[in-house]
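Here the structure comes first, spelled out in structure tokens, and everything after it is commentary.
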Amino acid sequence: MNATGLRDIYCGQVNASNIGQKVNLCGWVSKIRDHGEHLVFVDLRDHTGIVQCVVEAKLNLKPEYVLRVTGTVFNRPEDTFNDRIATGEVEIKNCEIQILNTAETLPIPIDPKINVEETQRLKYRFIDIRSDRMQYNLRLRHRILESIRHSMSAMGFLEVDTPLLWMPTPEGAREFLVPSRLQKGQFYSLPQSPQIAKQLLMVAGIDRYFQIAKCLRDEDLRSDRQFEFTQLDLEASFVKENDIMDFVSKVIKSLYEDVFNTSIDDIPKMTWIEAMYLYGTDKPDLRIPVVITDLSQLFENTNVNALKGQSIQGLILKGGSLISRAKLDELVEIAKRGGAKGLLWLRVTEDTSGIVFDSPVSKFFQDEDRESLKKGLDPEPGDLILIVSDEKPLACKVLNIVLSKVISDNLIDIKLDQADHRYVWITDFPMFESVDESNNAVAAHHPFTMPNIEDLDLITKDPLKVRSSAYDLVLNGWELGSGSVRIHDRSIQETVFKALGLTIQEAYERFGFMLEAFKYGAPPHAGFGLGIDRLVAILANESSIREVIAFPKSQSGIDLMTLSPSQVPATSLKELGIQLVKDSKNEGKNEVKQ
RNA sequence: GGACCUGUAGUGCAGUCUGGAGUGCACGUCGGCCUGUCAAGCCGAAGGUCGCGGGUUCAAAUCCCGUCAGGUCCGCCA
């Protein structure tokens, strides 16, 4: 399979079983160790590894020359085995070397021991990808996609391509626009996800659809966000919420088996409200062994002003009493910036009378306050207690922000093991995230998300209490994907539009063709979108998705290799009927240092 | 739009706080030596717009202002 017209075997695959064989090898010169004209070692590299070629002649080679080496596999003298490479027991001798191409000295090293600035790596990405790191990441990505496609196919899902040049989706992210040449003055929009297309495929009777889909969003970039990213997009008909979670769980579990030959536990479920109250976030990192405790009831009769808020939320950090006063002051500031009135901290110490709380407000404490703390948090000497008293959601959110800072600054001994993958399903998201000034609800998801049937009555009465049939998959604090059951029932859809402040007429103007399609027999359906870049990044132990994308953009949206985006000839603009507005600020902006 | 960090030979870094000769180190490159190395070794050499522009100063890599680029984050984004 691996043999080609030029090559019999990959460099990294030569082993003792090949001894005595005459082989053709192809690859790049990785290292030359020149001992003079009687002995030169040439390390030949391809993506599988390195093999040593021994030459007893003067050579005119330089690193990164592309070679075809014809030689015989020999066992190395035993005292010269190299156990750091897979081919370390053999070498190629009696070499005939054909230079297939020369190479200039590389602008950046591809040695894994040398850290190269990301600017340089992105500028010379074609060289950077020769590195072990990028080769591993891209090949891992391939194997993950391969496994996903296999799982999806096995479950009866059909891969269907959907258009990139499409119509704008009025909700959600800012979209990229593409000017139309044939319809001057009009634009296509690049889809932020195939959401509408896949729902139409359900109406069309596809039953189970999936796609490894490119999604495009013109929003600011982050270590976990690129303009264009890849999603496992799926949708299925005649299913309930749990069916979709089962499909996705199956895909995830299978890929651990296929790619890593290991298995993972069943993915636990947690409601949104549980996540918010225990972790203060809707994307909890289950590796963190600290959860928030509701202390409200314990302090109902307290005289301590700091404990008289609408709710009292606390957490306890084992060994946290060693955190310096200066750091604690910083944490208080962070809590205030997060919207809390303050952050109460208590160092737990011990004297002859037992447990003692050392805090700026401890002088106001009565015995029963101390008893409440002991009862609620079970403190031990050396611990640190952090308390925020405020409305419960805010208090929990602030404690999460503070805890994140404690962990990121290594203030206590919590080591987050990158190899520990803790998945969790977050369910029962709220249907609406807020109510705007004209008393219209603002959708938390897209407007086709199905409300929880039990909460239908609340849509008009108390919209913020309405739960939706939406669910997220979270891994180690990263949101990997989200999905929902979609509304297929016309009257429910109208109720939701009404709550959002849309008349049926307005809704038709925005999503006309979709509502039209739904008239003709839309099956109940639900779906999901799983962020492939984030998944691969975590599985590759990378902290940025750029490391698992072949040609990513920088944070300001520039491709440092091609220096795009770039200006285009006036004729191209004219053809599209586009005239540029002068903006002196941006002139010559892309003249990046060469 | 905002906050913080970074920018010095091809590459990675030191020097910047506390101004004083174009500033060192390592890798790489080039030349020489070398018959078992594997980050080969030894000897020698070349290589700099200190991101860019302006200001302060007798004097700026260093201080000040602006700007560009990279990163992390907030806003934004499922």
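Numbers restart at 1 for each chain; the letters A, B, ... are given by sequence-line order, proteins then strands.
Tested against A/Phe157 for a ring pair (Phe, Tyr, Trp, His ring centres under 6.0 Å), the candidates A/Phe528, A/Phe247, A/Tyr209 yield a single pass: A/Phe247. When each of A/Val29, A/Leu44, A/Leu61, A/Asn60 is tested with A/Ile97 by the rule side-chain contact (heavy atoms from CB on, under 4.5 Å), just one qualifies, namely A/Leu61.
As rounded to whole Å, 11 Å separates atom P of B/C33 from atom NE2 of A/His38. Following rounding to the nearest Å, A/Asp224 (CG) and B/U72 (P) show an atom-to-atom distance of 9 Å. At whole-Å resolution of the value, CD in A/Glu37 and P in B/C33 are 9 Å apart. The distance between atom CD of A/Gln120 and atom C1' of B/A69, rounded to the nearest whole Å, is 11 Å. Rounding to whole angstrom units, CG of residue A/Asp43 and P of B/A39 are separated by 9 Å. For A/Tyr124 and B/U11, the OH to P distance is 7 Å, given to the nearest whole Å. The separation between A/Asn115 atom CG and B/A39 atom P is 19 Å, rounded to whole Å. In this structure, A/Asn75 places its CG atom 19 Å from P of B/G36, rounding to the nearest Å.
Using cut-offs of 30° and 60° on the angle between ring planes, the pair A/Phe497 and A/Phe511 is parallel.
In the set B/C38, B/G70, B/U11, B/U11 carries the atom at the smallest distance from any side-chain atom of A/Ile108. Nearest to the side chain of A/Pro63, among B/A39, B/U29, B/U37, sits B/U29. In the set B/A78, B/U37, B/G1, B/U37 carries the atom at the smallest distance from any side-chain atom of A/Arg33. In the set B/G28, B/U11, B/C38, the nucleotide with an atom closest to the side chain of A/Asn82 is B/C38. Looking at the side chain of A/Glu479, the nearest of the listed nucleotides B/C76, B/A78, B/G36 is B/A78. Distances were taken from every side-chain heavy atom of A/His445 (C-beta onward) to each of B/A78, B/C77, B/G12; the shortest belongs to B/A78. Counting only heavy atoms from C-beta on, A/Ser223 has its side chain closest to B/U72 among B/G12, B/G28, B/U72. Set against B/G12, B/G75, B/C38, the side chain of A/Ile114 has B/G12 as its closest nucleotide. The A/Leu560 side chain lies nearest to B/G70 when the options are B/G75, B/U11, B/G70. The side chain of A/Lys31 sits closest to B/A40 out of B/A40, B/G36, B/C77.
Across the C1' atoms, B/C50 and B/G44 are found 27 Å apart, a figure rounded to whole Å. To the nearest whole angstrom, the two C1' atoms, one in B/A40 and one in B/U35, are 13 Å apart. B/C58 and B/G19 are spaced 15 Å apart, taking the P atom of each and rounding to whole Å. For the P atoms, the distance linking B/C63 with B/C5 amounts to 13 Å, nearest Å. B/A21 and B/A59 are spaced 14 Å apart, taking the P atom of each and rounding to whole Å. Across the P atoms, B/U16 and B/G75 are found 37 Å apart, a figure rounded to whole Å. With C1' as the reference atom, B/C64 and B/U56 are 7 Å apart, rounded to whole Å. Rounded to a whole angstrom, the distance from the P atom of B/U57 to that of B/G51 is 23 Å.
Comparing A/Asp111 and A/Val116 by the nucleotide of RNA chain B that holds the closest heavy atom to each, the one mapping nearer the 5' end is A/Val116. Both A/Pro109 and A/Gln52 lie near RNA chain B, and the one whose nearest nucleotide falls closer to the 5' end is A/Pro109.
In terms of phosphate contacts, A/Arg84 brings a side-chain nitrogen or oxygen within less than 4.0 Å of OP1 or OP2 of B/A39. One finds a side-chain N or O of A/Ser554 lying less than 4.0 angstrom from the OP1 or OP2 phosphate oxygen of B/G70. For A/Ser556, a side-chain nitrogen or oxygen approaches OP1 or OP2 of B/G70 to under 4.0 Å. Look at A/Gln192 and you'll find a side-chain N or O under 4.0 angstrom from OP1 or OP2 of B/A78. Using a 4.0 Å cut-off, no side-chain N or O of A/Arg45 falls inside it from OP1 or OP2 of B/C38. Between A/Lys123 and B/A69 there is no side-chain polar atom (N or O) within less than 4.0 angstrom of OP1 or OP2. Taking side-chain N and O atoms only, A/Arg222 has a distance below 4.0 Å to OP1 or OP2 of B/C74.
Taking the ring centre of A/Phe74 as origin, the terminal cationic atom of A/Lys93 falls inside the region bounded by 6.0 Å and 45° from the ring axis.
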Q) Should A/Val14 and A/Ile92 be marked as a side chain to side chain contact (heavy atoms under 4.5 Å, CB included) after you check the CA-CA gap, both sets of side-chain angles, and the distance that decides it? A) CA-CA 9 Å; A/Val14 185; A/Ile92 313 298; 4.2 Å; yes
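Under 3.5 Å, the side chain of A/Arg76 and the base of B/U37 form at least one donor-acceptor pair of N or O atoms. Between the side chain of A/Lys553 and the base of B/G70, no donor-acceptor pair of N or O atoms lies under 3.5 Å.
No engagement by A/Lys283 is indicated, since no non-hydrogen atom pair under 4.0 Å with the nucleic acid exists.
No side-chain heavy atom of A/Glu228 sits less than 4.5 Å from a side-chain heavy atom of A/Leu190.
Panel note: side chain A/Asp46, backbone A/Cys11; a donor-acceptor pair is recorded below 3.5 Å.
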Which atoms of nucleotides 3-5 of chain B (N or O only) lie under 3.5 Å from a protein N or O atom, and what are those distances?
none

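Nearest heavy atoms, A/Asn137 versus A/Ala540: OD1-CB, 3.5 Å. Here the closest heavy-atom approach between residue A/Ile487 and residue A/Met450 is recorded as CG1-CA, 3.6 Å.
A donor-acceptor pair shorter than 3.5 Å cannot be found between the side chains of A/Gln555 and A/Arg222.
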